[in-house]
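Please read these numbers as outputs of a predicted model, since none were measured by experiment. The figures that follow rest on heavy atoms only: side chains count, while hydrogens, waters and symmetry mates do not.
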Amino acid sequence: PDETDPGIVALHLKRYEFARPQCAGKDVLDAGCGVGYGSAYLAESARRVVGVDVNADAVAYAQLRYGRPNVDFVVGDLLALDHPDGEFDVVCAFEVIEHLRDPARFVAEARRVLTSDGTVFVSTPRAQSGDAAPENPYHEREFTAPELERLLRTAFDRVELYGQRRLQTARHRALQRLDVLGLRRRVPLVRRASRLVTGTAPMDAVSTDEVTISSEGIEQATELVAVCSP
């Protein structure tokens, strides 16, 4: 977040904002915590947060930048979590499963470390169609909404699907279709003018208030968000 446009941070932070009410006073696992800003955000209301990531450099940065008395950052493998059964009331895994070589194994691990009445939050980019070889070189697999639900139901009885997307006016969507040269992204003056004309903030200035997570319109979502429980 210290080196990234606020709008990009807002898109990621929106998922943590969505999960945070459920984390109040709870023990939370932030699986794939990255540099830790989301873990620190959850810790403002959670009893305890453990952030786990396979990247040692990211964990070291998280400890330095976002260390809190009720937050622990550890290096770990999400496919073999070093935590006992039922340790956490909430597990968050935002933009994680698409990076894993065995997402079903992670889903089983998330269920194992969850309490019997706990909640798991998962988000991932919404794929238009199932693709074992996504364009993003860092993704092992991307999921359509039905595929994600089938995966999560291998371990959870209740799975509720939501979609995340930017709030955009019809004028803004029309301008996106017309701007084939990408001038709004490349020319600052055009980008500022487009906000006045369309009533929609440019991507680099989007706030969490301009992003929605809803069970309606999942087919227009850019990311899928699932809420799971045993």
Side-chain angles (χ1 to χ4, degrees), residues 12-13 15-63 66-125 139-141 143 147-162 213 223-230:
H12 289 265
L13 194 60
R15 272 90 75 172
Y16 286 100
E17 184 181 272
F18 180 71
R20 181 165 148 167
Q22 188 67 34
C23 298
K26 304 287 184 62
D27 292 332
V28 180
L29 172 66
D30 187 12
C33 65
V35 296
Y37 66 94
S39 303
Y41 178 79
L42 295 179
E44 292 175 8
S45 62
R47 189 178 77 88
R48 177 178 67 112
V49 178
V50 177
V52 177
D53 201 279
V54 72
N55 189 306
D57 290 338
V59 169
Y61 181 90
Q63 291 169 333
Y66 295 105
R68 305 285 192 278
N70 64 333
V71 182
D72 294 318
F73 293 107
V74 297
V75 177
D77 182 355
L78 299 186
L79 303 184
L81 291 167
D82 188 21
H83 296 276
D85 296 359
E87 180 175 348
F88 298 101
D89 303 297
V90 179
V91 175
C92 295
F94 296 135
E95 309 304 284
V96 171
I97 61 170
E98 66 273 11
H99 296 278
L100 301 177
R101 66 182 184 278
D102 190 350
R105 183 173 174 183
F106 167 68
V107 170
E109 278 290 271
R111 174 64 187 91
R112 181 185 65 79
V113 301
L114 191 71
T115 59
S116 60
D117 58 349
T119 305
V120 171
F121 293 87
V122 174
S123 75
T124 191
H139 291 182
E140 295 283 346
R141 168 72 188 277
F143 299 87
E147 288 172 339
L148 179 63
E149 183 171 359
R150 283 196 298 270
L151 170 66
L152 296 172
R153 286 195 180 278
T154 62
F156 298 98
D157 292 334
R158 296 185 60 187
V159 177
E160 299 174 5
L161 282 186
Y162 300 82
I213 296 177
E223 292 82 28
L224 300 169
V225 181
V227 182
C228 315
S229 55

Is there a donor in the side chain of Glu98 and an acceptor in the side chain of Thr124, or the other way round, less than 3.5 Å apart?
-> yes
Within 6.0 Å of CZ in Arg158, more than 12 heavy atoms from elsewhere = no
side-chain contact (heavy atoms from CB on, under 4.5 Å) filter on Val107, not counting sequence neighbours, yields Leu151, Leu152, Thr154, Ala155, Phe156
Hey, is CG on Asp82 packed in by over 12 heavy atoms from elsewhere, all under 6.0 Å?
-> no
Any side-chain heavy-atom pair from Ser123 and Phe18 closer than 4.5 angstrom?
-> no
Is the closest side-chain heavy-atom distance between His83 and Val50 below 4.5 Å?
-> yes
When rounded to the nearest 0.5 angstrom, what is the spacing between OH in Tyr162 and CG in Leu224?
-> 13.0 Å
Is there a side-chain contact between Val90 and Leu42 (heavy atoms, below 4.5 Å)?
-> no
Just by modelled atom types, is the Ala46 backbone N or O under 3.5 Å from a matching donor or acceptor in the Asn70 side chain?
-> yes
Taking all non-hydrogen atoms of both residues into account, name the closest pair between Ala56 and Val75 and its distance.
-> CA-CG2, 3.8 Å
Output for pair (Asp72 CG, Arg48 CZ), nearest 0.5 Å, gives 7.0 Å
Measure the shortest side-chain to side-chain distance between Arg112 and Leu81 over non-hydrogen atoms and say whether it is less than 4.5 angstrom.
-> yes
May I have the step-by-step check of side-chain contact (heavy atoms from CB on, under 4.5 Å) for Glu140 and His99, ending in yes or no?
-> CA-CA 5 Å; Glu140 295 283 346; His99 296 278; 5.7 Å; no
Is the closest side-chain heavy-atom distance between Glu223 and Glu95 below 4.5 Å?
-> yes
Sidechain-backbone polar pair: Asp53 side chain, Gly34 backbone, donor-acceptor under 3.5 Å | yes
Should Asp27 and Glu87 count as side-chain neighbours, where that means a heavy-atom distance under 4.5 Å?
-> no
Is there a side-chain contact between Arg101 and Leu79 (heavy atoms, below 4.5 Å)?
-> yes
Is there a side-chain contact between Phe73 and Cys33, using heavy atoms and a 4.5 Å cut-off?
-> yes
Quiz item: cation-pi between Arg20 and Tyr41, 6.0 Å / 45° = yes
